[in-house]
Amino acid sequence: NAGVTQTPKFRILKIGQSMTLQCAQDMNHNYMYWYRQDPGMGLKLIYYSVGAGITDKGEVPNGYNVSRSTTEDFPLRLELAAPSQTSVYFCASSDMGGEETQYFGPGTRLLVL
Amino acid sequence: RKEVEQDPGPFNVPEGATVAFNCTYSNSASQSFFWYRQDCRKEPKLLMSVYSSGNEDGRFTAQLNRASQYISLLIRDSKLSDSATYLCVVNSLGGATNKLIFGTGTLLAVQP
């Protein structure tokens, strides 16, 4: 199993550009999550999904959108990138909700200039 | 008050030392507790779950005190490879699903 994969590993965006961060998992997990991690800060939940077709906002959803058309994929869309979105983005999945271990992807480092 | 609070460190300890990290959480209804490890520029990975009775995995011991809403991690005989950031994680109740709340982490640097 590849586990949780994320692409790209690193990206530089100009202010106002858009991009999609890709996330896929091959563990047949129902739950998937997107976090951002800023230096010296804890992981902040952006969006999560409890199954295909179901998504919900986390703690810091503004400026982002998600979709979950399949169990495997959970892309994160950034519209109109801003410098405040410079961060490391982690995708994670789990078989159940908050009682279960979450498995993380390797992360995407995003720099908005 | 933050939902999960940790001492950010850094904790600089010599090889072979015993080091303890503490964490407090604010939601008394939380049911699941974890310690994750995050190496520099890597993703977090589960180190161990924390059970009410306390649990041990080799050199690592985790304990939970529900009355004080306090979690601890003890590392004995520290190795250079233990150098990492240790994240205290607690589940947050409510909404469509329970979610995990991550502390900001405690940085451990084991010195030769």
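Here is the naming used below: chain letters follow the sequence lines, and residue numbers restart at 1 for every chain.
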Are [Y] and [X] co-members of a hydrophobic cluster defined by side-chain heavy atoms under 4.5 Å apart?
X      : Y       : answer
M48(B) : Y25(B)  : yes
Y89(A) : V4(A)   : no
F74(A) : L110(A) : yes
V50(B) : L108(B) : yes
V4(B)  : F33(B)  : yes

**Message:** Shorter than 4.5 Å, heavy atoms on both sides: which option in L107(B), V89(B), T85(B), L46(B) has the most such pairs with chain A?
**Reply:**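 Between L107(B), V89(B), T85(B), L46(B), the count favours L46(B).
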**Asked** Under a 4.5 Å heavy-atom cut-off, does chain A meet the side chain of Y36(B), its backbone, both or neither?
**Response**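 For Y36(B), side-chain heavy atoms alone lie under 4.5 Å from chain A.
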**Residue I101(B) versus chain A: region with a heavy atom under 4.5 Å** =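 For I101(B), there is no contact with chain A at all, as no heavy atom is under 4.5 Å.
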**Heavy-atom neighbours of Q85(A) CD exceed 12 at 6.0 Å** =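 Enclosed.
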**Message:** Could you report the tightest heavy-atom contact between T104(B) and G42(A), atom names first, then the distance?
**Reply:**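 For T104(B) and G42(A), the tightest heavy-atom pair comes out as CG2-N, 3.4 Å.
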**Prompt:** Shortest non-hydrogen contact from F104(A) to P44(B)?
**Reply:**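 Looking at all heavy atoms of both residues, the shortest contact is CD1-O, 3.5 Å.
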**4.5 Å side-chain heavy-atom contact, Q38(B) and Q37(A)** =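 Heavy-atom side-chain distance check passes, below 4.5 Å.
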**Item:** Part of L45(A) lying under 4.5 Å from any heavy atom of chain B
**Value:**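 For L45(A), the contact with chain B is made by the side chain alone.
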**Asked** Roughly how far apart are Y35(A) OH and L100(B) CG, rounded to 0.5 Å?
**Response**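 Here the rounded value is 5.0 Å.
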**Request:** Calculate, to the nearest 0.5 Å, the distance between atoms CD and CD belonging to Q6(A) and E43(B) respectively.
**Result:**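 Q6(A) atom CD to E43(B) atom CD measures 8.5 Å (nearest 0.5 Å).
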**Asked** Do the side chain of Y33(A) and the main chain of K99(B) share a donor and acceptor less than 3.5 angstrom apart?
**Response**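 Looks like no, no N/O pair under 3.5 Å.
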